[in-house]
Amino acid sequence: MLAGHRRYRPRSLLLGLAIALPFALLIALMSGPVFISPLDWPAIIFDPGASLREQDFLILSSIRLPRLLLGCFIGINLAVCGAAMQGLFRNSLADPSLIGVTSGASAGASCVIVLGGGWLESAAAGLPLVAFGASVGGLIAVVIVYRIATSASGTAVATMLLAGIAISAVAGALNNLFSYFADNDMLRRISLWQMGSLDGANWYRVTIAFVVASVLIAVLPRCSAGLNALLLGESEARHLGIDVERLKRRLIVLTAVGVGSAVALAGVIAFVGLVIPHVLRLLVGPDHRYVIPGSALAGAILLVLADSLARVIVSPAELPTGILTALLGAPVFFSLLWQQRAMSSSL
Amino acid sequence: MSLSASQISLQFARAEIISRVDIDIEPGKIVTVLGPNGAGKSSLLRILCGQWAPSVGQVRLDGQLTSAYSIQALARTIAVMPQYSTLNFAFSAAEVVALGRTPHATGRQIDREITRAALSLVDADHLASRLYPELSGGEKQRVQLARILAQIWTPQPQQSRYLLLDEPTSSFDLAHQQMMVKILRRFAADGVGILVVMHDLNLAAQLADRMVLMKDGRIAAADCPAHVMQTSVINQVFDVDVAIINHPRTGNPMALL
C-alpha cells in the first residue's frame, strides 16, 4: 500500500477546484427559500422595475450575494489558517482553535454582548463592536499563548499546545460566566452566534472578510518553502536557511487575524480549518505550495455549499452553518483518524 | 578558508558542557569526533553550524564570524545532518531530498537533476516515490543524507562548503557504512570540509584525516588516526582496555576490545 501512488497531480487538482468554485457560487445564488433560476437573472438585473422582479433583485443583491461572498472569504480564511497552523505545529490534526484563537474570540464577543447590554441592540455600531470584541479576544489569547511558549531558544511546540488548551479552558469559563449574567435575549444571541452562521451577512462584513482573505492569500503562499522546511524540524529548517522565528511570528499573527475575524463575522464555524487542509494533503501530498492555494479554493467551496444547504434544508427557516460543517466534517475527520490508526498499526 | 572554532566554551545553568575547545575544519579534509556519551560532541556540532552561540569564544567561517552571515548564506555553505529526524508528514523520499535545495535558487530543472543524482548516490533510487514515514530507519537516514548532500551539491563561487554530520551511520548496515565512507571521501576530494560525530572507532579511523576525541567537554586528543589510535589514549578517554592492530590490507589502525 503506497499512498504516494494514489496522489493526484497537484496542478490538475487546483485547476479542478478553481473550475468548481464558480459552480458552487452559482448554486448558492440560486438556492434558498425562493428558488431563482439563472435564466431569470438577466431580466432581474437589467429590468428590476417589474414588481415581482424587484423582490428577486433585492433577494439576490442584498441577501444572497453578500452572504455567499462572506461564506467564500471566510471559507478561504479558515482553511488557509488551518493549513498554516498544521504546518507550524507539524501535526496534521492541529487546528487554529488549538492555540486558543477561537475560544478567545468567542469569549471576547460574549463579553461585548453582555457588557454592551441593551445599548448594543439600538446602536448601529452594535454588530461591528461584537466583531471587534471577538478579534481582540482572539489576539489576546494568541499573544498570551505565544508569550508562555516562547523563550530565548525558540518556541516550544508542545508547550504552545498545552498553553492553547489552558487558554481555551479560561476562555470557556469566561464564556460561561458571561452567559450566566446574560438575560434571555442576550443568551439566545450568544448561543446562536456560537453555533456559527452567515445570516448576519452584509456588504460591510463582506468587505472585512475580503480584506483579510486578500492579505492571507498575498502573504501565506510566500511562506510555503519555509513551512515545507519546517516539517523537517525547527533546527533543520534553520540549517536550510529559513528564519524560523520570523516565520513563526508571521504565521501566528496571520492566523490570529484570520481566525479571529472569521469568528467575529460568522461565529464559530467548526472543522473547515481542520478537515480541508488534511484532505488536501491526502490528495496532493504535504507540499504547502499546493496545500495552501488548494485549501483556499476547497474551503470556499465547502462553506458556500454548506451554507446553501443550511438555507434550504429546513426552509423557510434556516440552520446555523456551523452545525452543517460539523456534520459534514466530523465523518471525514473520523475516517482520517481511522486511516491514521490503520497506518500506524501497520508499521 | 576553513570553519574554525577558537577557545569556545558553552555553559548551561552552572554546568560547563564544552570548555575551551579549538577545532578547525579545512576544505577537503575529514575530521571525526568521538567520545563517551555526554562528552559534548553534539553540542560542539550545534555551535559550529551556528545553531547555538558559544558562551565564550568565536566560530569563524572563512575568516568571518558565523554570526555575520545571513541564515541563508550559511545554509548554502554548511549542510547539517541531525542525529534524529522527526518528519512524519507524507512527503515522498524525492520531495525530502528536494527540500535540500531550499536555500538555492537554481530552478526546478537543476534541482530535479541534483535530487535524482543524490538519491542514486546513496543507493536510494528505488525509494524516490516511496513515502518517507513508511521507510525503515536505515532508509530514512540515507534519504536524509541525500538531502544534505543535495544542499551543498555544487561548488559556490568564492565559497567553501562544509558537511557536519551527527552519527550519520547509526542505522546503516555494513554495506551502507562502506558506501558512506566512499561518499564522504568523494565530497572531500571535491573540496568539501567534513566533520562527522560517530561512535565506531574503527570506521572513524578509516574515514578520518584527523580524529578528535572528546571527554567531559574538553578535547582529549586530536591528531591523525595513527597517533590517536593508541592503547593509552583510548583507555584514558573511553575507560576500556583495547588492543590496537593494523588492518592486514589497508594498514589502518584498528581497536580490538
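All values derive from a computational prediction rather than experimental measurement. Residue numbers start from 1 in every chain, and the chains themselves are labelled A, B, ... in the order their sequence lines are given, proteins ahead of strands.
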* Taking every non-hydrogen atom, the tightest pair across A:L232 and B:L87 -> CD2-CD2, 4.0 Å
* Shortest non-hydrogen contact between B:F89 and A:Q86, atoms and distance -> CZ-O, 3.9 Å
* To do: Could you list which of residues 144-169 of chain B have a heavy atom closer than 4.5 Å to any heavy atom of chain A, in residue-number order?
  => B:Q144, B:R147, B:Q151
* To do: Report yes if some heavy atom in the side chain of B:I71 is under 4.5 Å from a heavy atom in the side chain of A:I242; otherwise report no.
  => no
* **Nearest atoms (heavy-atom pairs only) where A:L231 meets B:F91** => CD1-CE1, 3.4 Å
* Structure fact -> Residues A:L240 and B:G100: closest non-hydrogen pair is CD2-CA, 3.8 Å
* Asked: Any chance CZ of B:R116 has more than 12 other-residue heavy atoms, nucleotides or ligands included, within less than 6.0 Å?
  -> no
* Asked: If you look at every heavy atom in A:H239 and B:A75, which pair is closest and at what distance?
  -> O-CB, 3.1 Å
* Structure fact -> Value for CD (A:E236) from CE (B:M81), rounded to nearest 0.5 Å, stands at 10.5 Å
* Structure fact -> If you tally heavy-atom pairs under 4.5 Å between each of A:A229, A:G226, A:S235 and chain B, the highest tally belongs to A:S235
* Could you tell me which non-hydrogen atom of B:A90 sits nearest to which non-hydrogen atom of A:P286, and how far apart they are? => O-CD, 3.4 Å
* Sort B:L99 into side chain, backbone, both or neither according to what part of it lies under 4.5 angstrom from a heavy atom of chain A. => both
* To do: Answer yes or no: are there more than 12 heavy-atom neighbours, outside A:R246 itself, under 6.0 Å from its atom CZ?
  => no
